[in-house]
Amino acid sequence: MKITFLGAADGVTGSRHLVEAGDRRILLDCGMFQGWKLHRERNWQCPPQFGELDAVVLGHAHLDHSGWLPALVRHGFRGPIHASPATCELAAVLLLDSAHLQEEDARRANRYHYSRHERALPLYTQADARRAIAQLKPLPVGRELRIGGSRVQLTPVGHLLGACAVTLVDGTSRLLYSGDLGRRDDLLMPPPQPAPPCDVLLVESTYGNRLHPAADGPEVLAGIVRAAAERGGSVLLPAFAVGRAQALLLVLQRLRRMGAIPDKLPIFLDSPMATEATALYRRHQRALRVSAREMTGLLDGVRVVADAAQSIRVSAARYPRIIISASGMATGGRVLHHLKALAPDPRHAIVFAGFQVGGSRGARLVAGEREVKIHGEMVPVRASVHSLEGFSGHADQGEILDWLRTLPQPPRRTFVVHGEPDAADGLRTALQDRLGWRGVAVAGYGQTVEA
C-alpha cells in the first residue's frame, strides 16, 4: 500500500490522500484549499496523480474535504464518489452553492475590476458541480464496499451529519483515516464510535495541540448578545452553513426560552444553503443527539432571508438584531455584505464560533486586525470581535487521544494530517509521550510513503 499526501498535510484544508492499493488508486477526500494564498493557489493545479483515479471516498461533506470534486470532474474524472448517504445529500447542497459563489465572485470581480487577472474565472461552474453530484454513490454505514481487491467501510465519528472515518483493507494492510473527529459533548452529533483496528492510521489534528476552553460557550454568547443589544448594536455570526449554523440556531432557541437573551430580538438566517441544510438535519434527526421536538422548532421565530434584496435590507437596518450568515471564516458569501455594514460601528459585535484557518479573513479579524479588504475595498473594524472556540465541532487533543485509546492495539505507523504545523506536531508529541506510540510522523505535502 502506497500513500501520497496531496492536501491537508502542511495545513488544515485541501484534504486529499491518495492510496494505491493493489491495482487501484483511491482518493480519500477531495477537498478545496482555503486560507493562505500559497495554499489557495493549489486549487488551480491538478496533481498528475489524479489522472488515473479509480474512485474517491469522502469522510464528510465540508468543502475542505469535498469542495474540489467539481474541479476533479472538470479535469476528466468519471469514476464513482463513495460517501455515507447523509454526506451525499449534504455534498449536493454544498457543491452547488460553492459553484454559485465561484461564478458570482468572478462576475463581481470582472464588473468592478478588482481582480488582478485580465478576466476572473470561476474555479468551476454549477454544471461541473452537477456532474460531480451525479457521480456520488451512497455507501451505508457498516456495509463493506469492494473496489478491486480492496475493501472499504465507514464508521461514524460525529463532527457533522454523515461524517465517518474510512477503513481501507487491501489484503496486507488495514488503513484507517479518521476524517474530522467530533466531540464527546457536541451540541448536535453523538460522540465518535470506537476506532476500528488498523495497521496504518491517518489522524486529523485541527486542535491537536490544545484543549477547548472550559468556559460555557452558550453563556458567553448570551453575554455578548445582551451587551450588544444594550448599546443598540447587532450581533453577526459568520457560520458554516452546514453544522455550525444549525448548532447556533439550537443554542439561540435555548437561550431565548431561558430568558438569557431578549425574546423580541430578531434572529435572521441569511444563507440559502444553511436553510436547505437545516431541512436535511431535521430529516435525519434520528442520527442526532437532539430531540425531534427541538429540531422541529429550530426555525421558530427565525426570519429566513429569501433573496439578495432582502439580505441587503437586513444589512441596512438600524435596529438591534442577530444575523447568522455564511461563510464561517468570512471568505465569501452574503456574510461579507453584513461584515461591510457592521464592522465599522463599535456598537456591533462579530462572533466567530469555530476554527479559523490561517490566512482567512476570519483568522485575521480574530487576530485583531482593524482593517480588512472586502470586495476590493478596505473596511475599518471598530465592532468588537469574539472567538468562541467552544462551539467548534472538532475534537480537541484530549478527545482525539481518548478516541485513539479505543483502538485494540497501536498502529504500526501513524501519520498526522489536517492541522497547522504547531497543532500537527503537538499531536505527534502527545501520541509518542502520552500513548507511548512508535512510528508517528507528521505527513508532508506531496510526500509518498510505503505503508
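- The pair R184-D402 meets the salt-bridge criterion, since a charged nitrogen lies less than 4.0 angstrom from a carboxylate oxygen.
- In this view, H82 satisfies the ring-ring contact (aromatic ring centres under 6.0 Å, His included) rule with no residue, not counting sequence neighbours.
- Side chain of H212 to backbone of H394: a donor-acceptor contact under 3.5 angstrom is found.
- S327 contributes no side-chain N or O that, together with a main-chain N or O of F240, makes up a donor-acceptor pair within less than 3.5 Å.
- Every residue meeting the ring-ring contact (aromatic ring centres under 6.0 Å, His included) condition with H17, not counting sequence neighbours, appears here in chain and number order: F5, Y177.
- Each of L427, T429, T414 was compared with V440 under the side-chain contact (heavy atoms from CB on, under 4.5 Å) criterion, and only T414 meets it.
- With values rounded to the nearest 0.5 angstrom, T167 atom OG1 is found 8.0 Å from L175 atom CG.
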Item to check | Derivation of the side-chain hydrogen bond (donor to acceptor under 3.5 Å, both in side chains) call for Q397 and R434 | outcome: CA-CA 11 Å; Q397 185 191 79; R434 296 177 59 183; 2.9 Å; yes
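- When all heavy atoms are compared, the tightest approach of A241 to S271 is CB-OG, 3.7 Å.
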Next on the checklist: side-chain hydrogen bond (donor to acceptor under 3.5 Å, both in side chains), that's the test. Do T13 and D64 meet it? Break it down for me.
Outcome noted: CA-CA 5 Å; T13 65; D64 59 329; over 6 Å; no
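- Under a 3.5 Å cut-off, the side chain of H418 and the backbone N or O of V12 do form a donor-acceptor pair.
- A donor-acceptor distance shorter than 3.5 angstrom exists from the side chain of R370 to the backbone of V381, with no hydrogens or angles considered.
- Within a 6.0 Å radius of CZ in R438, other residues, nucleotides and ligands contribute 12 heavy atoms or fewer.
- Among L249, V225, I323, I322, the one residue that satisfies the side-chain contact (heavy atoms from CB on, under 4.5 Å) test with L237 is I322.
- Salt-bridge annotation for D199 and R174: absent, with no side-chain N of the basic residue lying under 4.0 Å from a carboxylate O of the acidic one.
- For D345 (side chain) and H348 (main-chain N/O), no donor-acceptor pair under 3.5 Å exists by modelled atom type.
- Side-chain contact between L101 and S98 is absent, with no heavy atoms from C-beta onward closer than 4.5 Å.
- Residues V200 and L176 fail the side-chain proximity criterion, which asks for heavy atoms closer than 4.5 Å.
- Relative to the ring axis of Y445, R42 places its NZ or CZ within 45° and under 6.0 Å from the centre.
- Side chain of E276 to backbone of V93: no donor-acceptor contact under 3.5 angstrom is found.
- Electrostatic pairing of K340 and E377 counts as a salt bridge here, judged by a charged N lying under 4.0 Å from a carboxylate O.
- Using the six-membered ring where Trp is involved, H159 and H60 have ring planes that are perpendicular, over 60° apart on the 30 and 60° scheme.
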Item to check | Steps toward side-chain hydrogen bond (donor to acceptor under 3.5 Å, both in side chains) verdict (H338, D270) | outcome: CA-CA 10 Å; H338 299 303; D270 187 11; 2.6 Å; yes
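- Using the six-membered ring where Trp is involved, F355 and Y207 have ring planes that are perpendicular, over 60° apart on the 30 and 60° scheme.
- Residues P191 and R289 share a closest heavy-atom pair of CD-NH1, 4.1 Å.
- Looking at heavy atoms from C-beta onward, C30 lies out of side-chain contact with F77 at the 4.5 angstrom threshold.
- In terms of heavy atoms, L248 sits closest to A239 at CD1-CB, 3.7 Å.
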Checklist entry - Where do S234 and R321 land on the side-chain hydrogen bond (donor to acceptor under 3.5 Å, both in side chains) test, with the steps shown first? => result CA-CA 5 Å; S234 297; R321 61 219 182 274; 2.7 Å; yes
Next on the checklist: Checking D128 against R74 for the salt bridge (Lys or Arg N to Asp or Glu O under 4.0 Å) test, could you report, in this order, the C-alpha distance in whole Å, the side-chain angles of both residues, the deciding distance, and whether it holds?
Outcome noted: CA-CA 6 Å; D128 297 323; R74 191 174 197 170; 3.5 Å; yes
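- The local environment of CD in E219 is sparse, with at most 12 non-hydrogen atoms from other residues, nucleotides or ligands closer than 6.0 Å.
- With hydrogens and angles disregarded, a donor-acceptor distance shorter than 3.5 Å links the side chain of Q135 to the backbone of G79.
- Formation of a donor-acceptor pair under 3.5 Å by the R25 side chain with backbone atoms of Q49 is found in this model.
- Side-chain N or O atoms of R16 include one that pairs as donor or acceptor with a backbone N or O of G31 at under 3.5 Å.
- Under a 3.5 Å cut-off, the side chain of Q253 and the backbone N or O of L298 do form a donor-acceptor pair.
- With a 6.0 Å radius and a threshold of 12 heavy atoms from other residues, nucleotides or ligands, Q447 has its CD atom above the threshold.
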